[in-house]
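Computed from a predicted model, the values in this text were never measured in an experiment.
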Amino acid sequence: MNSVNPKFNLISFASILGIVFAAISLIGVGITVINWSHLYHLHIDDTINGRILNYAFSFTMAAWLGELVCGFIILKRRKILGRILIAIGIFVFFFMQLLPAES
């Protein structure tokens, strides 16, 4: 990068953002696994764990979508990192399909 005229590097920014989104989505998966036994109760919104899971689902899905977008953006330039982000995105998608419908 030139110190006199710095340019914005989209690939580097998307790589860092994709890694952050991957970490957030994997943390959301971890929170879901920890509270897995609470998912099968019908009144999940009434408990503290239910509220935590609702927030974790929201952040996980937003991070999952951002991670996939960043993975596809950087796939042409940084193939390995792009494939890793897309693979993590596919893993999170299939994991979220295992959740019970009432959650």
Side-chain angles (χ1 to χ4, degrees):
M1 182 188 315
N2 189 357
S3 62
V4 176
N5 189 12
K7 291 185 177 181
F8 179 71
N9 191 353
L10 178 67
I11 302 300
S12 296
F13 179 72
S15 299
I16 293 170
L17 200 61
I19 292 169
V20 169
F21 282 149
I24 291 171
S25 66
L26 289 176
I27 289 171
V29 168
I31 291 171
T32 305
V33 168
I34 290 171
N35 295 318
W36 188 267
S37 64
H38 299 285
L39 291 175
Y40 292 100
H41 298 295
L42 293 176
H43 303 289
I44 191 168
D45 294 332
D46 298 337
T47 63
I48 294 173
N49 286 331
R51 283 182 254 148
I52 291 172
L53 284 174
N54 285 336
Y55 286 122
F57 291 153
S58 301
F59 281 108
T60 302
M61 289 299 109
W64 169 75
L65 185 62
E67 171 191 355
L68 281 178
V69 169
C70 289
F72 283 117
I73 288 173
I74 66 173
L75 187 61
K76 187 173 182 180
R77 296 279 177 101
R78 296 183 178 172
K79 292 186 187 318
I80 295 173
L81 184 59
R83 288 177 185 168
I84 290 172
L85 289 176
I86 292 170
I88 292 172
I90 291 170
F91 166 74
V92 170
F93 173 74
F94 283 124
F95 177 78
M96 288 299 170
Q97 297 303 313
L98 296 174
L99 298 178
E102 67 265 5
S103 64

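Taken from CD1 in Ile84 to CG in Leu75, the straight-line distance is 11.5 Å, to the nearest 0.5 Å. Expressed to the nearest 0.5 Å, how far CG of Leu68 lies from CD1 of Ile73 amounts to 11.0 Å. Considering CZ of Phe91 and CG of Leu26, their distance stands at 7.0 Å, rounded to 0.5 Å. Between the CD1 atom of Ile74 and the CD1 atom of Ile19 there is a distance of 7.0 Å, given to the nearest 0.5 Å.
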Practice problem: Carefully, step by step, assess Arg78 and Ser12 under the rule side-chain contact (heavy atoms from CB on, under 4.5 Å). | Solution: CA-CA 10 Å; Arg78 296 183 178 172; Ser12 296; 3.6 Å; yes
Practice problem: Applying side-chain contact (heavy atoms from CB on, under 4.5 Å), run through Leu85 and Phe21 and close with a yes or a no. | Solution: CA-CA 9 Å; Leu85 289 176; Phe21 282 149; over 6 Å; no
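Around CZ of Phe72, the count of heavy atoms belonging to other residues, nucleotides or ligands within 6.0 Å does not exceed 12.
Relative orientation of the Phe8 and Phe13 rings is tilted, given thresholds of 30° and 60° on the angle between their planes.
Evaluation of the side chain to side chain donor-acceptor pair (under 3.5 Å) rule for Ser25 yields Glu67 as partners, not counting sequence neighbours.
Contact check for Thr32 versus Phe57: side-chain heavy atoms found under the 4.5 Å cut-off. Looking at heavy atoms from C-beta onward, Ile31 lies out of side-chain contact with Thr60 at the 4.5 angstrom threshold.
Within the structure, the side chain to side chain donor-acceptor pair (under 3.5 Å) test picks out no pair touching residues 79-95 (sequence neighbours left out).
Nearest heavy atoms, Gly89 versus Trp64: O-NE1, 2.7 Å.
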